[in-house]
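The chains referred to below are lettered A, B, ... by the order of the sequence lines, with proteins before strands, and numbering in each begins at 1. The basis for the numbers below is simple: all heavy atoms, side chains too, and nothing from hydrogens, waters or symmetry mates.
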There are 2 protein chains.
Amino acid sequence: MAFRKENHTKETCSASLNAVKDALYVLNGKWKLPLILTLQDGPKRFNEIQKSIGDITPKILSKELKDLELNEFVIRKVFSTTPVTVTYELTEYSGSLDRVIDELRNWGMQHRERLVMNRKTAPVLEEVLG
Amino acid sequence: MAFRKENHTKETCSASLNAVKDALYVLNGKWKLPLILTLQDGPKRFNEIQKSIGDITPKILSKELKDLELNEFVIRKVFSTTPVTVTYELTEYSGSLDRVIDELRNWGMQHRERLVMNRKTAPVLEEVLG
DNA sequence: CAGGATCCAGGAAGATACTG
DNA sequence: CAGTATCTTCCTGGATCCTG
């Protein structure tokens with residue numbers, strides 16, 4: 001129970017806030033999740049990834065993969081073929097996200113159902129899902 | 001265990017993805033979390049909120065509060081005093097976020113520790129936390 | 001093939017001023 | 001007090017072209 005009253009000093013509170021922001025930050029952006037998902041099929045090469053998630057430009061893909069590398073979710077392997085082959089694959093550590101993602105997914109599903117049941121339109125969600 | 005291999009069809013996968021995106025969306029942005037946190041102290045008025053989280057402009061605060069209302073995390077109450085008094089307070093439903101936030105917070109803390117231990121600088125996190 | 005370089009568009013957020 | 005209106009700025013991400 002994060003941030004509950006009994007433990008609600010400024011210090012613990014802002015520490016908690018920062019931790020949550022850390023977590024949100026590594027998952028945020030348009031491509032992080034799709035990238036992680038597609039790599040769960042196994043190692044893939046740059047162009048394979050690009051095809052599999054469609055419409056991502058090389059620049060963005062490159063940047064996103066570097067982010068994922070920095071956070072140790074993805075490992076980049078270079079093979080000295082000609083021309084060189086580069087593969088990206090998920091690390092074991094990336095599995096630590098499973099619990100978080102699972103929680104987000106469950107909450108997200110019930111939230112959408114709730115809004116629909118209440119016959120409220122939810123522009124914020126519609127925007128995201130098209 | 002989201003997105004695990006055995007259940008990895010395109011349909012279930014993209015449904016899961018969308019649910020996660022829904023959840024991320026409602027928590028995202030610069031002000032959603034700070035706002036929820038400050039309202040955990042109890043109902044507050046517009047200007048009180050503004051002072052308590054510092055540096056948010058009325059326009060942004062107004063918009064963020066409307067988002068939180070749409071998602072049913074916050075309820076707006078108008079009192080016919082002169083001048084009118086408006087309070088914002090958390091709904092019970094907002095408590096459903098506790099589990100999610102808790103999971104995010106725990107993961108965020110261990111992730112930061114991990115990166116520090118590995119002596120990797122983590123630009124992505126440093127940017128966020130200053 | 002695997003990316004980097006350059007330029008550009010759109011949305012989120014800030015500054016400032018104003019109103020019922 | 002509780003916002004709205006307008007203008008500007010910044011930042012993410014996209015388009016296009018280029019190279020070891």
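Nucleotide D:dA15 holds its P atom 7 Å from the CG atom of A:Asp55, rounded to whole Å. We find that CD1 of A:Ile60 is positioned 15 Å from P of D:dC11, with the value rounded to whole Å. Between the CD1 atom of B:Ile56 and the P atom of D:dT4 there is a distance of 13 Å, given to the nearest Å. For A:Leu33 and D:dG13, the CG to P distance is 13 Å, given to the nearest whole Å. Look at CZ on A:Phe46: it is 10 Å from C1' on C:dC1, rounded to the nearest Å. Between the CD atom of B:Gln50 and the P atom of C:dA15 there is a distance of 12 Å, rounded to whole Å. Note: CG (A:Leu61) to P (D:dT12) measures 17 Å, nearest angstrom. Note: CD (A:Glu48) to C1' (C:dG3) measures 16 Å, nearest angstrom.
Qualifying salt bridge (Lys or Arg N to Asp or Glu O under 4.0 Å) partners for A:Lys32, counting only residues two or more places apart in sequence or in other chains: A:Glu64, A:Asp67. Under the rule for a side chain to side chain donor-acceptor pair (under 3.5 Å), A:Ser62 has no partner lying at least two apart in sequence or in another chain. Every residue two or more places apart in sequence or in another chain that forms a side chain to side chain donor-acceptor pair (under 3.5 Å) with A:Trp107 is listed here: B:Ser96. The side-chain contact (heavy atoms from CB on, under 4.5 Å) check on A:Asn28 picks up A:Leu24, B:Leu24, B:Asn28, with sequence neighbours excluded. A search for side-chain contact (heavy atoms from CB on, under 4.5 Å) contacts involving A:Lys77 returns A:Ile75, A:Phe79, A:Thr87, A:Glu89, not counting sequence neighbours. The salt bridge (Lys or Arg N to Asp or Glu O under 4.0 Å) test applied to A:Arg99 returns B:Glu103, not counting sequence neighbours. In this view, B:Gln110 and A:Tyr93 satisfy the side chain to side chain donor-acceptor pair (under 3.5 Å) rule, not counting sequence neighbours. Residues forming a side-chain contact (heavy atoms from CB on, under 4.5 Å) with A:Gln50 (at least two apart in sequence, or on another chain): A:Phe46, A:Asn47, A:Ile56, A:Pro58, A:Leu61. With sequence neighbours excluded, the residues that form a side chain to side chain donor-acceptor pair (under 3.5 Å) with A:Thr85 are A:Thr81.
Between its opening and closing five pairs, the helix from C:dC1-D:dG20 to C:dG20-D:dC1 changes axis direction by 40°, a value rounded to 10 degrees.
Distances shorter than 4.0 Å separate none of the side-chain N or O atoms of B:Arg45 from OP1 or OP2 on D:dC1.
Here the options are B:Glu48, B:Lys44, B:Lys51, the test is side chain to side chain donor-acceptor pair (under 3.5 Å), and the partner is B:Thr38; only B:Lys44 passes.
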Working for side-chain contact (heavy atoms from CB on, under 4.5 Å), residues A:Leu27 and A:Leu104 = CA-CA 11 Å; A:Leu27 292 176; A:Leu104 286 167; 3.9 Å; yes
Nucleotides 4-10 of chain C: protein proximity per nucleotide (B base, S sugar-phosphate only, - neither; heavy atom, under 4.0 Å) = SBBB---
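The side chain of A:Glu64 approaches D:dG13 more closely than any other nucleotide in the set C:dA13, D:dG13, D:dG3. Minimum atom distance to the side chain of B:Trp31 is reached by C:dA13, of the listed D:dG13, D:dC1, C:dA13.
Of all the residues in residues 76-88 of chain A, A:Arg76, A:Pro83, A:Val84, A:Val86, A:Tyr88 reach under 4.0 Å from DNA chain C with at least one non-hydrogen atom.
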